[in-house]
Every structure is written in C-alpha cells, then in structure tokens.
Amino acid sequence: MSAQKKSKTSKDDVFMLAVAAIGVVYGDIGTSPLYAFREALHVLADAEGAIARDSILGILSLILWSMILIVTCKYVSILLRIDNKGEGGTLALMALARRVIYKNTNVFLYLGILGAALFYADSMITPAISVLSAVEGIKTVAPDSDALIMPITVIILLGLFLFQSRGTASVSKLFGPVMVIWFSVLGVMGAMHIADDFHILLSFNPLYGLGFIADHTGIALFVMGAVFLAVTGAEALYADLGHFGRLPIQGAWGWFVFPALTLNYLGQGAMILAHPEKMDNPFFNMVSADFQLPLVLLATCATIIASQAVITGAYSLTRQAINLGLLPRLKVQHTSADHSGQIYMPQINYLLMVGAILLVLSFQSSSALAATYGISVTGAMFVDAVMAFFVIWQLWEWKWWKTALVIGPFLLIEGGFLAANMTKFATGGWVPVLFACVLTLMMVTWVRGSFIINSRSIKRDIKLRKFMREYKTRWPDLARVDGTAFFMTSNAEVTPASLVQNLNHNKVLHRKNVLLSVQIEGVPYIEEAARDHIEVLNDEFTLLIIRYGFKDEIDLQYELLRLSRRHDKDIHFDWEDTSLFLSRRALRPDPRYGLPAWQDFIYVFMHRHATEPSDYYRLPASRVIEIGRQVFV
C-alpha cells in the first residue's frame with residue numbers, strides 16, 4: 001500500500017471518528033444554547049429590569065470567552081494531551097497521578113472519588129434539564145400547552161432509561177448524523193440573525209465581558225453561574241478520549257462544533273439587540289412559527305442523544321470505579337456481542353432514572369432546574385485541573401512555576417465559576433452537592449472498609465510461602481482426587497481462605513491446584529499477551545495472576561479457556577475437569593474494629609447488595625463452589 005493511500009485512509013478514519021464524536025462527546029455542550037443565554041438574561045432582568053445593549057454584549061462576551069478558555073484552551077489544547085495509555089477522564093487522571101506522584105497518593109484517591117461523585121450528579125441532572133428545556137419549546141408553538149410539558153418530559157425520560165437494557169448498538173449509528181444536522185441547524189439559525197444587529201460582533205472583545213463584571217458587581221456572580229451553562233459538558237471531551245482519540249475530538253471541535261455554537265450564540269444576541277421582546281425564549285424565537293414544531297422535535301432528539309451519552313458515560317465510570325476498588329461489584333450486562341464497551345448497569349440506571357424524574361417533578365421548569373446544574377460540573381472541572389497540575393509537573397518534568405503559569409489561570413477561572421454557582425446553593429444547588437456528598441461518603445467508606453478487612457486478612461491468613469512449606473505436615477492425611485481446582489484470592493501473597501477451609505473441613509486436595517489472583521493495574525488496558533503471570537510453586541500448586549487495566553472487561557472464563565488451549569507446560573489443565581472455589585464473606589459489624597458503627601452499617605449494606613462474584617467475573621455457575629466464613633468489621 002502506498003504512503004499516499006495510507007495517509008488517505010488515516011484521514012478517512014479521523015473524519016469518521018470525528019463524526020461519531022460529534023454524536024457522543026458534544027451532545028451535552030451542544031444542547032446548551034437551548035437555555036444558557038436565556039438564563040443569563042433572565043437573571044439580569046430579574047435583578048435590574050430593562051437590559052442595556054452593553055449588558056447583552058457583555059453576557060455574550062463572557063459566554064464566548066468561557067468556551068475559548070475552558071473548552072478550547074484547557075480541554076482541547078492541554079488535557080487531551082495528558083492521557084493514561086490513551087485514556088482520559090477523572091479516574092484515569094487519578095490513576096495516572098497516583099502512579100507518577102510518590103507521596104500523599106491518598107490525596108489523589110480522594111480527589112478522584114470526589115470528581116467521580118460530581119460526575120454522577122451531572123449524569124442525573126443533564127437528562128432532566130436537557131429534555132425539559134427541549135419540551136418547553138412546545139410553548140412557542142402552542143402557548144396554552146403548559147399542562148402537557150411535565151407529562152411529556154416524564155414519558156421521554158422513562159422511555160430513555162427503560163430503553164437502556166436493550167442496548168444502543170443499532171440506534172447509536174444515528175447519533176453522529178443527527179447531531180451533525182443539529183449543529184448545522186444551530187449554525188444556520190445563528191448566521192441568519194447576525195444581520196439583525198452587526199454590533200453583536202463586538203462581543204468578541206473580552207473587555208465587554210470584563211466591563212460587565214465591573215459594572216454589575218452585585219449581580220455578576222449570579223449571571224456568571226448562568227453563563228457557565230454554556231460550557232457544561234466540556235468534561236466529556238476528556239472522558240471520551242479513549243473512545244475516539246485526540247485528533248478526532250480536536251478536529252470536531254475546532255472545525256465544526258465551536259463555529260456552530262459561536263454562530264448560534266451570536267445570532268441569539270443579535271436578535272435580542274434588535275427585538276428585546278423575544279427574550280423569554282430566544283432560541284426557539286429564532287425561527288418562524290412554521291419551523292418551531294420541527295425545531296422542537298429536532299431539539300428533543302438532540303437532548304435525548306446528549307442524555308444517552310451521559311448515561312453510558314456513568315456506566316463506564318462505574319465499571320472503572322469498581323475495578324479500582326472504589327465501589328462494590330455491581331451487575332454488568334453486555335448489550336453488544338461486537339463491542340465490549342457497550343454495557344448496561346441496572347442499579348446505576350434506575351438510580352439515575354429516579355433522580356432525573358424527581359428533579360423534573362420537583363423543579364417544574366428548566367429555568368428552576370438550571371440552579372442545580374453548575375456546581376457539580378464546575379467542581380469536577382476544578383478537580384481535573386488540580387490533578388492535571390501535579391501530573392504535568394511530574395510527568396512532563398516541567399518547573400513548578402511554569403506549570404502554575406499554565407494551569408493556574410484555569411484554577412482561578414473555574415474557582416470563580418464555582419463561587420458563582422455556589423450562589424445558587426439555596427435555590428437548588430444543594431441537590432448535586434448532597435448527592436455528591438452521599439456518593440463520596442459511600443465510596444470512602446467502601447475504600448476504608450475494604451482496606452481494613454484486607455489488612456486484617458493479611459495478618460490472620462496463612463502466608464503463601466509458609467503454607468507451601470507446611471501444608472503436607474499440617475494436613476498429612478489428605479485424600480487426593482483427580483482434576484484441577486482453582487482457588488481465588490485477592491492477595492497473591494496469602495493462601496486463599498477457601499483453600500484452607502476446604503482442607504480443614506473436607507480433608508481433600510485435587511491433583512492440580514491453581515491459586516488464582518486478579519489484579520487491577522493503574523493503566524486503562526493490558527494487552528492479552530501480557531495479561532497472565534504463571535509461577536509453579538511445586539508439583540501440586542501453581543500461582544496464576546491475571547492482570548487487567550481499570551477499563552478492561554473482566555472475563556475470567558475467557559481467560560481460563562484461553563490458557564487451557566495454550567497447552568502451557570507450566571499450567572496445563574482440562575477445562576472440562578475443573579472446579580472453581582470462591583470464598584464468601586459474611587460480614588458482621590463489630591464496634592471493636594476499624595470503622596465507626598454508622599460506617600459499619602453503610603459498608604455492610606453495600607457489601608450485601610454487591611453482585612455475585614461468579615457473575616462479576618463471568619464464571620460458569622455450575623463450576624463454582626463457594627465456601628463461606630464470618631468476618632467482623
């Protein structure tokens with residue numbers, strides 16, 4: 001194949017990935033024109049009444065420069081270059097930070113937990129506000145249709161979440177083209193209205209935005225909280241880095257998404273300068289009555305796609321959190337035979353569904369719901385910036401002051417936005433804060449409880465090397481049976497509890513015994529060829545360590561079948577003649593041990609609602625033998 005043809009193929013691949021990224025990565029930020037500019041105007045109008053022309057230019061300048069600084073400069077230009085083996089997102093950044101920083105890594109653990117909790121809050125709010133703001137466009141078509149908005153929104157949300165279990169493989173192919181149409185419509189609508197008042201182009205001057213803040217010190221923070229709605233969804237650029245790659249995401253933003261959004265915001269601003277009476281809902285008032293219903297339908301499709309991307313992002317984040325030990329094992333259903341990344345997690349799905357519907361029913365309008373939106377997103381962005389500072393400083397080997405010059409301005413800007421959004425705490429901002437605090441508490445409790453139990457197990461259980469020296473004398477009359485037994489252990493340095501229990505009670509040992517340990521590494525993926533480590537301990541015992549990345553799909557049955565077909569001299573076994581022994585812990589709270597009583601309750605509750613180990617590791621239930629024991633926490 002010629003170099004020219006390879007180059008062409010590469011460009012074609014980047015183009016197709018860019019189209020796909022438009023449907024997934026930019027869905028959230030792409031629906032912000034529905035409400036961001038409107039909410040900023042309403043906040044100012046409620047405080048001051050009539051809005052001056054310079055104020056409109058100032059608000060629009062703040063929106064444009066927020067997109068330029070936060071999205072273009074921070075995420076597209078900098079964070080997309082900080083990847084963990086090609087992966088991005090809060091937890092990938094956390095794992096990278098803990099790997100390159102050698103002291104106080106628990107700080108980054110808790111930052112990662114906080115960032116993940118805030119992302120869950122965002123995943124609950126985004127479907128609610130996006131769908132509701134689109135459905136509210138019905139009022140521009142039928143002003144007397146207020147009573148229909150809530151039922152239609154709830155029905156769409158119910159359908160969206162209940163459809164998740166069927167998978168999105170078939171319809172996801174439409175996401176990119178539909179969102180391409182959406183952004184094209186945004187750009188055309190805006191371009192048609194810029195001529196209403198060409199003075200709107202002055203909003204590119206950042207002095208208008210700074211002047212607005214200086215002239216409206218009493219209300220500026222509240223307006224900034226609404227302005228920030230224009231960049232919600234920016235964190236998806238980084239979270240989806242592994243799915244699409246840096247170049248497609250950067251290209252889609254620079255050449256298509258950013259111009260379309262800029263044109264639309266300019267068009268809304270020019271229309272308001274020329275027709276202030278259309279301020280009630282500037283987005284839908286940009287088109288004539290004949291086109292408003294089609295625009296409502298297209299906006300609804302766009303918000304459903306944006307919500308779908310956020311929901312599947314929550315599934316992916318949860319699987320990473322489980323693999324990193326931040327959450328208990330939860331049920332994972334694979335919805336595609338061809339793509340392992342397409343998963344469905346019923347517990348997370350129903351949690352987000354109930355939360356989104358309760359938000360809609362409680363706040364009743366997208367304007368009221370906007371008060372809940374910014375805190376979770378600004379918090380997650382701020383956490384990313386803090387961890388990025390340390391990673392750039394250590395991994396890129398920059399001077400600390402040089403790193404501060406690059407990351408410091410973003411910390412200041414996002415700190416300002418966080419302060420602005422905190423002004424909405426009493427009117428709804430407390431919702432994501434409370435939700436994130438509860439999730440953070442649960443994850444911290446799980447991490448601490450698991451650490452305490454594992455630490456006590458290491459002290460109580462028999463060290464593997466000691467067991468290998470003593471088992472023949474400690475259990476001298478063991479009966480040997482044919483076949484291969486696998487004993488799972490979370491720590492490859494100690495003897496599996498299921499093995500010791502089996503020897504104590506059943507007095508039997510298989511001819512071949514494999515001590516199986518699954519280890520999750522701080523990298524996203526591990527190649528199949530480098531996944532297993534085999535160590536022959538003696539003629540009866542072999543140690544097998546299977547390593548996964550935190551974004552890998554865990555499938556032990558596949559790995560064991562692969563090993564059985566390999567006919568490795570160190571671990572040769574017949575898959576049809578194997579038994580798999582797992583240790584089941586029955587937890588009993590005890591105030592004498594590590595966790596306080598109230599955290600004991602949380603930890604035991606989470607443990608009892610974890611999915612079965614055989615399901616999580618994808619082991620055949622007919623081969624699994626579970627041996628239980630009581631553990632006090």
Side-chain angles (χ1 to χ4, degrees), residues 323 325 328-329 449-475 478-520 531-548 554-557 559-560 563-564 570-571 573 575 577-587 607 610-633:
N323 289 343
R329 295 181 300 266
S450 299
F451 175 78
I452 290 170
I453 288 179
N454 292 334
S455 298
R456 289 178 55 222
S457 295
I458 291 174
K459 294 178 182 179
R460 182 183 61 246
D461 292 343
I462 304 172
K463 297 293 186 291
L464 181 57
R465 301 304 172 184
K466 181 180 180 181
F467 172 85
M468 297 308 300
R469 292 193 306 266
E470 300 177 357
Y471 79 95
K472 290 183 180 180
T473 56
R474 187 169 179 176
W475 293 280
L478 292 175
R480 265 47 174 197
V481 294
D482 293 332
T484 303
F486 285 83
F487 295 91
M488 288 197 65
T489 176
S490 59
N491 189 332
E493 296 181 359
V494 301
T495 308
S498 55
L499 172 57
V500 176
Q501 295 280 74
N502 184 56
L503 296 180
N504 283 335
H505 297 289
N506 297 327
K507 314 295 185 184
V508 65
L509 189 66
H510 285 70
R511 302 287 182 191
K512 295 180 181 179
N513 300 276
V514 181
L515 311 183
L516 174 59
S517 178
V518 175
Q519 296 183 0
I520 307 299
R531 188 164 288 168
D532 55 86
H533 168 77
I534 302 169
E535 181 181 350
V536 178
L537 303 176
N538 63 21
D539 56 349
E540 291 185 307
F541 284 94
T542 302
L543 175 64
L544 170 61
I545 299 175
I546 296 180
R547 301 162 57 244
Y548 287 100
I554 295 179
D555 188 345
L556 281 185
Q557 181 176 353
E559 298 296 338
L560 296 179
L563 287 172
S564 70
D570 292 333
I571 189 170
F573 63 93
W575 172 249
D577 192 21
T578 60
S579 299
L580 300 111
F581 290 83
L582 305 181
S583 179
R584 174 183 285 273
R585 290 169 174 166
L587 300 186
H607 185 272
T611 192
E612 296 292 333
S614 56
D615 291 338
Y616 178 73
Y617 291 114
R618 302 184 76 180
L619 294 170
S622 60
R623 303 275 183 91
V624 173
I625 300 168
E626 293 187 347
I627 299 178
R629 62 171 177 166
Q630 288 192 356
V631 177
F632 292 96
V633 292

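Predicted model only: the values in this text are computed from it and were never measured.
- Smallest separation of non-hydrogen atoms from V514 and T484: CG2-CG2, 4.1 Å.
- To the nearest 0.5 angstrom, F486 atom CZ is 5.0 Å from L560 atom CG.
- By the 4.5 Å heavy-atom criterion applied to side chains, I546 and I554 are not counted as neighbours.
- Remark: side-chain polar atoms of K507 are paired, donor with acceptor, to backbone N or O of N504 under 3.5 angstrom.
- For the pair H533 and Q519, the minimum side-chain heavy-atom distance is 4.5 Å or more.
- Judged purely by atom type and a 3.5 angstrom limit, S614 has no side-chain atom pairing as donor or acceptor with the backbone of A621.
- Distance check, rounded to the nearest 0.5 Å: CZ of R480 to NE2 of H510 gives 12.0 Å.
- G483 and D577 make their closest contact through CA-OD2, 3.2 Å (heavy atoms, listed as atom of the first residue, atom of the second, distance).
- Under a 3.5 Å cut-off, the side chain of N502 and the backbone N or O of V508 do form a donor-acceptor pair.
- The side-chain heavy atoms of Q501 and F487, taken from C-beta on, include no pair separated by under 4.5 Å.
- In this structure, L537 and F467 have side chains that are not in contact, with every pair of non-hydrogen atoms separated by 4.5 Å or more.
- Side-chain contact between N491 and L464 is absent, with no heavy-atom pair separated by less than 4.5 Å.
- Contact between K472 and E540 at its shortest, heavy atoms only, is CE-OE1, 3.9 Å.
- For the pair V624 and E626, the tightest heavy-atom approach, listed with the atom from each and the gap, is CG1-CG, 4.0 Å.
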Discussion item. Go through it in stages, so that I can follow the logic: the residues are T495 and T489, the test is side-chain contact (heavy atoms from CB on, under 4.5 Å), and I'd like the CA-CA distance, side-chain angles, deciding distance and then a yes or no.
Written reply: CA-CA 7 Å; T495 308; T489 176; over 6 Å; no
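- Between T578 and R623, the shortest heavy-atom contact is OG1-NH1, 3.2 Å.
- One finds the CH2 atom of W575 at 10.0 Å from the CG atom of L563 (value rounded to the nearest 0.5 Å).
- To the nearest 0.5 angstrom, I462 atom CD1 is 4.0 Å from R474 atom CZ.
- A 4.5 Å side-chain heavy-atom check between M488 and S498 finds every atom pair outside the cut-off.
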Worksheet item: Hey, mind stepping through F541 and L499 against side-chain contact (heavy atoms from CB on, under 4.5 Å) and telling me if it holds?
Response: CA-CA 11 Å; F541 284 94; L499 172 57; 3.8 Å; yes
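- V518 has its side chain out of reach of E559: every pair of non-hydrogen atoms, C-beta onward, lies at least 4.5 Å apart.
- A distance of 14.5 Å separates CD1 in I545 from CZ in R531, rounded to the nearest 0.5 Å.
- Expressed to the nearest 0.5 Å, how far OH of Y548 lies from CD1 of I520 amounts to 8.0 Å.
- Taking 4.5 Å as the limit, every side-chain heavy atom of M468 sits out of range of all side-chain heavy atoms of L543.
- Contact detail for A497 and S583: the closest heavy-atom pair is CB-OG, 3.7 Å.
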